[in-house]
Amino acid sequence: MNKIYVFDLGGTLMEYKGMPLNWSDFYVGGFSLINQRFNLGLSKTQIDQAVEILKSLNPRICGRQNEILAQDLFRMATKNWNVELDIPKAIEVFFENMKLIPVIYDYSIPLLQKLKSEGNIVCCLTDLPSGMPDSIFKPSITELLSYFDLYVSSEVYGFRKPNKAGLEFIANHFNVPVTDLIFIGDEQKDIDCATNADCKFVHISKIIKL
């Protein structure tokens, strides 16, 4: 019987070079570049207020499991600026400041190719970096996308791990019990997500040795 493998992405199949799990230290630079690029004339206080709002909603800090769309996050963070702002373009500038360099791990594509060649279904379930929309994230994983039978991000299903909703979304898509899924990840929240869904979890360090 063919299996359904669900992969986490960040830390499992790819990473942004040199970036920590919590990106909040980059928020000041991101909002400062928005201020400069759009010639907004913001004060340090206004920028600091936006930083604190975004930090308060960062899942790595507050632990939220519901997803908030990137545009809504940035509207909330900049509501006290009292300026007209093109939010989608501002988000692009914000992440441009981070100079993100995506790195696909050497084993990732051969592993996905092997699983696909054996007739298995391969999917991904990823939490987007806080405030980053799919439109910015997906170009970072172009090399991987063609191997997925289903791409599911926190933007797609509206929750974040360890909430089990993402695994249930995938199971419903393929009309199978969620317990049939095999979830591969690298973090405790991945383990907890699989536990909450009562499906099998395999740490990526073990599967690449198979």
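From a predicted model like this one, the values you see are computed outputs, not experimental measurements.
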Any donor and acceptor pair, going by atom type alone, linking the side chain of [X] with main-chain N or O of [Y] inside 3.5 Å?
{"X": "Asn2", "Y": "Gly119", "result": "yes"}
{"X": "Asp149", "Y": "Val122", "result": "yes"}
{"X": "Thr195", "Y": "Ile191", "result": "yes"}

Exercise. Checking side chain to side chain contact (heavy atoms under 4.5 Å, CB included) for the pair Leu85/Phe38: CA distance, chi angles, key distance, verdict?
Worked result: CA-CA 8 Å; Leu85 188 64; Phe38 293 95; 4.3 Å; yes
Exercise. Under the side chain to side chain contact (heavy atoms under 4.5 Å, CB included) criterion, do Ile141 and Met14 qualify, and how do the steps go?
Worked result: CA-CA 8 Å; Ile141 58 165; Met14 59 80 67; 4.0 Å; yes
Distance-only criterion, 3.5 Å: show the donor-acceptor pairs between side-chain atoms of residues 163-171 and protein atoms not counting sequence neighbours.
| residue | atom | partner | partner atom | Å |
| --- | --- | --- | --- | --- |
| Asn163 | OD1 | Ala165 | N | 2.8 |

Exercise. Using a distance-only test with no angle check, is there a side-chain donor-acceptor pair under 3.5 angstrom linking Asn58 and Ser24?
Worked result: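 On atom types as modelled, these side chains do not qualify, holding no pair under 3.5 Å.
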Exercise. Should Leu111 and Phe7 be marked as a side chain to side chain contact (heavy atoms under 4.5 Å, CB included) after you check the CA-CA gap, both sets of side-chain angles, and the distance that decides it?
Worked result: CA-CA 11 Å; Leu111 172 59; Phe7 284 86; 3.8 Å; yes
How far does [atom1] of [X] sit from [atom2] of [Y], to the nearest 0.5 angstrom?
{"X": "Leu100", "Y": "Met132", "atom1": "CG", "atom2": "CE", "answer": "5.0 Å"}
{"X": "Glu52", "Y": "Ile47", "atom1": "CD", "atom2": "CD1", "answer": "13.0 Å"}
{"X": "Lys17", "Y": "Glu15", "atom1": "NZ", "atom2": "CD", "answer": "9.5 Å"}
{"X": "Ile204", "Y": "Ile184", "atom1": "CD1", "atom2": "CD1", "answer": "6.5 Å"}
{"X": "Gln46", "Y": "Gln49", "atom1": "CD", "atom2": "CD", "answer": "7.0 Å"}
{"X": "Ser154", "Y": "Gln65", "atom1": "OG", "atom2": "CD", "answer": "12.0 Å"}

Cluster check [X], [Y]: I/L/V/M/F/W/Y, side chain < 4.5 angstrom:
{"X": "Leu69", "Y": "Ile87", "result": "no"}
{"X": "Leu125", "Y": "Leu150", "result": "yes"}
{"X": "Ile101", "Y": "Ile104", "result": "no"}
{"X": "Val103", "Y": "Ile109", "result": "no"}

Just checking [X]: does its [atom1] atom have more than 12 heavy atoms from other residues, nucleotides or ligands closer to it than 6.0 angstrom?
{"X": "Glu143", "atom1": "CD", "result": "no"}
{"X": "Asp86", "atom1": "CG", "result": "yes"}
{"X": "Gln113", "atom1": "CD", "result": "yes"}

Does a salt bridge link [X] with [Y], judged by any charged N lying under 4.0 Å from a carboxylate O?
{"X": "Lys189", "Y": "Asp192", "answer": "no"}
{"X": "Glu118", "Y": "Lys3", "answer": "no"}
{"X": "Glu67", "Y": "Arg64", "answer": "yes"}

Do [X] and [Y] make a side-chain contact, defined as non-hydrogen atoms from C-beta onward lying under 4.5 Å apart?
{"X": "Leu181", "Y": "Lys200", "answer": "no"}
{"X": "Trp81", "Y": "Asn35", "answer": "no"}
{"X": "Cys123", "Y": "Phe148", "answer": "no"}
{"X": "Tyr5", "Y": "Leu112", "answer": "no"}
{"X": "Ile61", "Y": "Asn22", "answer": "yes"}
{"X": "Ile4", "Y": "Val176", "answer": "yes"}
{"X": "Ile53", "Y": "Thr78", "answer": "no"}
{"X": "Ser130", "Y": "Trp23", "answer": "no"}

Please report the shortest heavy-atom distance between [X] and [Y], naming the atom on each side.
{"X": "Ser140", "Y": "Pro102", "result": "O-CB, 3.6 Å"}
{"X": "Pro133", "Y": "Ile91", "result": "CD-CG2, 3.8 Å"}
{"X": "Cys199", "Y": "Val178", "result": "CB-O, 3.2 Å"}
{"X": "Leu144", "Y": "Ser108", "result": "CD2-CB, 4.1 Å"}
{"X": "Phe201", "Y": "Asp186", "result": "CZ-N, 4.4 Å"}

Exercise. Which one of Asp127, Asp190, Thr126 satisfies the side-chain hydrogen bond (donor to acceptor under 3.5 Å, both in side chains) criterion with Lys161?
Worked result: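 Output: one option passes, namely Asp190.
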For this session: Could you walk me through whether Arg37 and Ile34 pass the side chain to side chain contact (heavy atoms under 4.5 Å, CB included) test, one step at a time?
Result: CA-CA 5 Å; Arg37 188 70 59 82; Ile34 291 173; 6.0 Å; no
Seminar exercise, completed: Residue pairs passing the ring-ring contact (aromatic ring centres under 6.0 Å, His included) test with at least one member in residues 92-115, sequence neighbours excluded, are Tyr27-Phe94, Phe31-Phe94, Phe74-Phe94, Tyr105-Tyr107
Exercise. Step by step, would you call Asp134 with Ser153 a side chain to side chain donor-acceptor pair (under 3.5 Å)?
Worked result: CA-CA 8 Å; Asp134 267 328; Ser153 71; 2.8 Å; yes
For this session: List in chain and number order the residues that pass ring-ring contact (aromatic ring centres under 6.0 Å, His included) with Phe26, two or more places apart in sequence or in another chain; answer none if no residue qualifies.
Result: none
Problem set entry | Cation-pi geometry met for Lys138 and Tyr151 (6.0 Å, 45°) |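 Flagged: Lys138 positioned over aromatic ring of Tyr151.
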Exercise. After noting the C-alpha distance and the side-chain angles of Arg75 and Glu84, does the key distance pass the salt bridge (charged side-chain N to carboxylate O under 4.0 Å, His left out) rule?
Worked result: CA-CA 11 Å; Arg75 285 193 186 96; Glu84 289 191 12; over 6 Å; no
